[in-house]
Amino acid sequence: MDSQLVEARALEAEITALRRACVEPPAPGEDTSRVRKSFREIYQADSEGWELSKDLRSHLGHLESELQFLSTLTGISIRHYSKKTEDLTSTEMTEKSIKKVLQRHRLSGNCHMITFQLEFQLLEIQNEESLSSVITDLSIIMEPTEYSELSEFVSRAEERRDLFMFFRSLHFFVEWCEYRKRTFKRFKGLSLTTPLPPAPSTNLAHFMTVILSWTLAALPSQNPHYEKYPEAVHLSEGASSSCMGIRNPSRPGFELVIVWRIQIDEEGKVLPKLDLLTKVPLQALELDKNGVIETAPLSFRTLLGVLGIEATLESLIKSLHTEASN
Amino acid sequence: MELANTLSQDGESRGGVLAHLERLETQVSRSRKKMEEPQSAQAEESALGTRIHELRRLRDKLRAEVKQHQASVKASTTNVESDQTSEITEQESLKRKRENVKAILQAYRFTGISGKLTSRGACVCISTAFEGNLLGSYFVDLVMRKPLQIHHHSIPVFIPLEEISAKYLQTNVQHFLFTLCEYLNAYSGRKYQADRLQSDFEAFLAGPLQRNSLCNLLSFTYKAEPEGQSFPFCARLLYKDLTTTLPTDVTVTYQGTDALSTTQEEQRAAHENLFFTKPLHQVFTSFARKGDKLDMSLVS
């Protein structure tokens, strides 16, 4: 019985303690509200000032609009960028107050339909008088790779470590490609769908981008007065290719093929190069006493110099077209 | 309880037979009780047992309640914490995004054209470089209005800014900027070459380097071997195309009165060709290297 009494006493004591534990207000609860306050304090103490998510978001929005503006201004869209810095200053250099830093940059984005990925190294040497920055290594990957004119240009840019020339020539190259596509489409009578830029939030940057867009290349082919020749013009490889064929459906066998290449020279200059190829049945060739067909490519070049590209192409199309009706 | 009290007082002995009789009585009653005790004890034990049983039940119940209570407190604490952490993670991710966008805005300078928005438009910065060496930058402050205007700029006066803006500014601002880029980069490159010639190859020059501010007309007298017996040549480089860093016209002449020998003539022609195809300072670097080679041959 004693042991039972002992047990009974022990149980009673435990029960009293448990009862107390149930009734007590949650001590940790107090701590959480205290903790919550200290997080706020941390943010308030932040050197950039009071940062609520709302403020951060609006600042981010403004920055993104600025990015959209720059992208519209240059025609180049940078999507990813990272940088690593390595301090190469030796103790000897520090004594002479010379600082040597190697930066590794990685950059990727696109310019219209061409995407690029760059990695380059920048060596910065700062002495008392001046700062010199030299690109010591450049590697470029571009897509799509079917623009064969570009691969040679890319290796040249890499060799010369000429980053700015790369972007400059890329811009002009793309501009020419777009112009070629628009011209081909215009003659074929295809509609041009220009992708509208995404509508950013209404802010200063957005307003600037809109005004900027007024000063971008006006699309000539939007002119409704231009004539279309859907049957005569043949784009066997699509409007983005370098070839446009001119046929006459009532005169099969005859075809004029205009090859419009876009070349980049040694200095990074982008130039169009147009050639005319003739496809003519053997009989016609025999009948051609004046050798018109033979001299066609040369005449084409001359015409280009006189009328310019669009007018020359139109005159060629018209000439083949009217011959049919004779 | 009375029993217990009485029993505890048992220790005291009283004198005489009466006392003895009382003791015997007590002993009998005690033994009787002892015989009875198991029953009551049992009853008591069973009463206590039940009580313990109930106490145990209550204790277990309370234990469970306290556990639950503690668990709910913990849960609410975790909820508050996770709310805070998700709030923090959101802020963190926004901050990270912002740093990323800021970095990309900075990275635009590597395209050659970068800019900042201003209250009236944009300030565009054009960077120049030659052979990987980053050179000066220039700015053009544009007013975003129709027609687009240049508010002010740092383009040198000898760059045909008016011509370029007349052609492209209103119809194709990208073309305008990249064309300006071309001119500025070419100018920077030519200037760089001329500067390098003056600073690094002074020994090769027989007189001062004559240059214009656009650095597209250079004239100098040089010796292919500074110490040697070679004749001084006069070089005149003209860069008609302002978007190139290589000359369009090169004339290398001999200033002396005697006629040139065949080898000298060959040398002169070779030099002319070099000036056409290589940047100026690189031509002189190759002269220097050739000189080194000759020295080596003399030694051996």
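Every value quoted in this text rests on a predicted model; they were computed, and no experiment measured them. Numbered from 1 within each chain, the chains take letters A, B, ... in sequence-line order.
For chain A, the nearby part of B:Arg120 is the backbone; its heavy atoms alone come within less than 4.5 Å. Of the two parts of A:Leu67, the backbone and the side chain both hold a non-hydrogen atom closer than 4.5 Å to a non-hydrogen atom of chain B. When heavy atoms are compared at a cutoff of 4.5 Å, B:Asp60 does not approach chain A at all. Heavy-atom distances place both the backbone and the side chain of A:Arg168 under 4.5 Å from chain B. Neither the backbone nor the side chain of B:Leu135 comes within less than 4.5 Å of any heavy atom of chain A. Both the backbone and the side chain of B:Glu182 come within less than 4.5 Å of a heavy atom of chain A. Heavy-atom distances place the side chain of A:Glu267, and not its backbone, under 4.5 Å from chain B. For chain B, the nearby parts of A:Ser71 are the backbone and the side chain; heavy atoms of each come within less than 4.5 Å. Heavy-atom distances place no part of A:Leu138 under 4.5 Å from chain B, backbone and side chain included. Of the two parts of A:Phe166, neither the backbone nor the side chain holds a non-hydrogen atom closer than 4.5 Å to a non-hydrogen atom of chain B. Proximity to chain A (any heavy atom under 4.5 Å) is restricted, for B:Thr128, to the backbone atoms N, CA, C and O. Only the backbone of A:His80 comes within contact range of chain B, judged by heavy atoms closer than 4.5 Å. For B:Leu177, the part sitting under 4.5 Å from any heavy atom of chain A is the side chain, from C-beta outward, and nothing else.
Salt bridge annotation for B:Arg196-B:Asp200: present, with a cationic side-chain nitrogen under 4.0 angstrom from a carboxylate oxygen. With respect to A:Lys269 and B:Asp241, a salt bridge is recorded, a charged nitrogen being found less than 4.0 Å from a carboxylate O.
Each of B:Ser188, B:Cys125, B:Ser127, B:Cys181 was compared with B:Tyr138 under the side chain to side chain contact (heavy atoms under 4.5 Å, CB included) criterion, and only B:Ser188 meets it.
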(message) I'd like to know whether B:Phe139 forms a ring pair (Phe, Tyr, Trp, His ring centres under 6.0 Å) with B:His153, so could you lay out the CA-CA distance, the side-chain angles of the two residues, the decisive distance to 0.1 Å, and finally the verdict.
(response) CA-CA 5 Å; B:Phe139 75 87; B:His153 63 86; 7.8 Å; no
(message) Set out, in order, the CA-CA distance, both residues' side-chain angles and the distance that settles salt bridge (charged side-chain N to carboxylate O under 4.0 Å, His left out) for A:Glu266 and A:Arg160, then state yes or no.
(response) CA-CA 11 Å; A:Glu266 286 272 330; A:Arg160 295 205 191 151; 3.5 Å; yes
(message) Determine whether A:Phe120 and B:Phe110 satisfy the following criterion, ring pair (Phe, Tyr, Trp, His ring centres under 6.0 Å), listing intermediate values before the conclusion.
(response) CA-CA 10 Å; A:Phe120 60 94; B:Phe110 295 119; 4.8 Å; yes
(request) Begin from the C-alpha positions of B:His281 and B:Gln198 and carry the test side-chain hydrogen bond (donor to acceptor under 3.5 Å, both in side chains) through to its verdict. (result) CA-CA 9 Å; B:His281 59 297; B:Gln198 272 188 301; over 6 Å; no
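Put simply, the side chain of A:Phe167 reaches to within 4.5 Å of the side chain of A:Leu118, judged on heavy atoms.
Contact tally against chain A (heavy-atom pairs below 4.5 Å) for B:Lys116, B:Arg56, B:Arg51: the top residue is B:Arg56. Residue with the most contacts toward chain A among B:Val124, B:Thr244, B:Ile113: B:Thr244 (heavy-atom pairs, distance under 4.5 Å). Per-residue counts of heavy-atom pairs under 4.5 Å with chain A were compared for B:Thr179, B:Val101, B:Leu134; the largest is that of B:Leu134. Comparing B:Asn133, B:Ile104, B:Asn100, B:Thr243 by how many heavy-atom pairs each has under 4.5 Å with chain A, the most go to B:Ile104. Highest contact tally toward chain B, considering only A:Leu60, A:Leu70, A:Ile76, is held by A:Leu70 [criterion: heavy-atom pairs under 4.5 Å]. Considering only heavy-atom pairs separated by less than 4.5 Å from chain A, the leading option among B:Ala129, B:Ser114, B:Ala186, B:Ala122 is B:Ala129.
Taking CD1 of A:Ile78 as the start and CG of B:Leu105 as the end, the distance is 9.0 Å to the nearest 0.5 Å. Rounding to the nearest 0.5 angstrom, the gap separating the CG atom in B:Leu58 from the CZ atom in B:Arg63 is 11.5 Å.
A:Arg161 contributes a side-chain N or O that, together with a main-chain N or O of A:Ile135, makes up a donor-acceptor pair within less than 3.5 Å.
Residue B:Gln106 places its CD atom among 12 or fewer non-hydrogen atoms of other residues, nucleotides or ligands, all under 6.0 Å distant.
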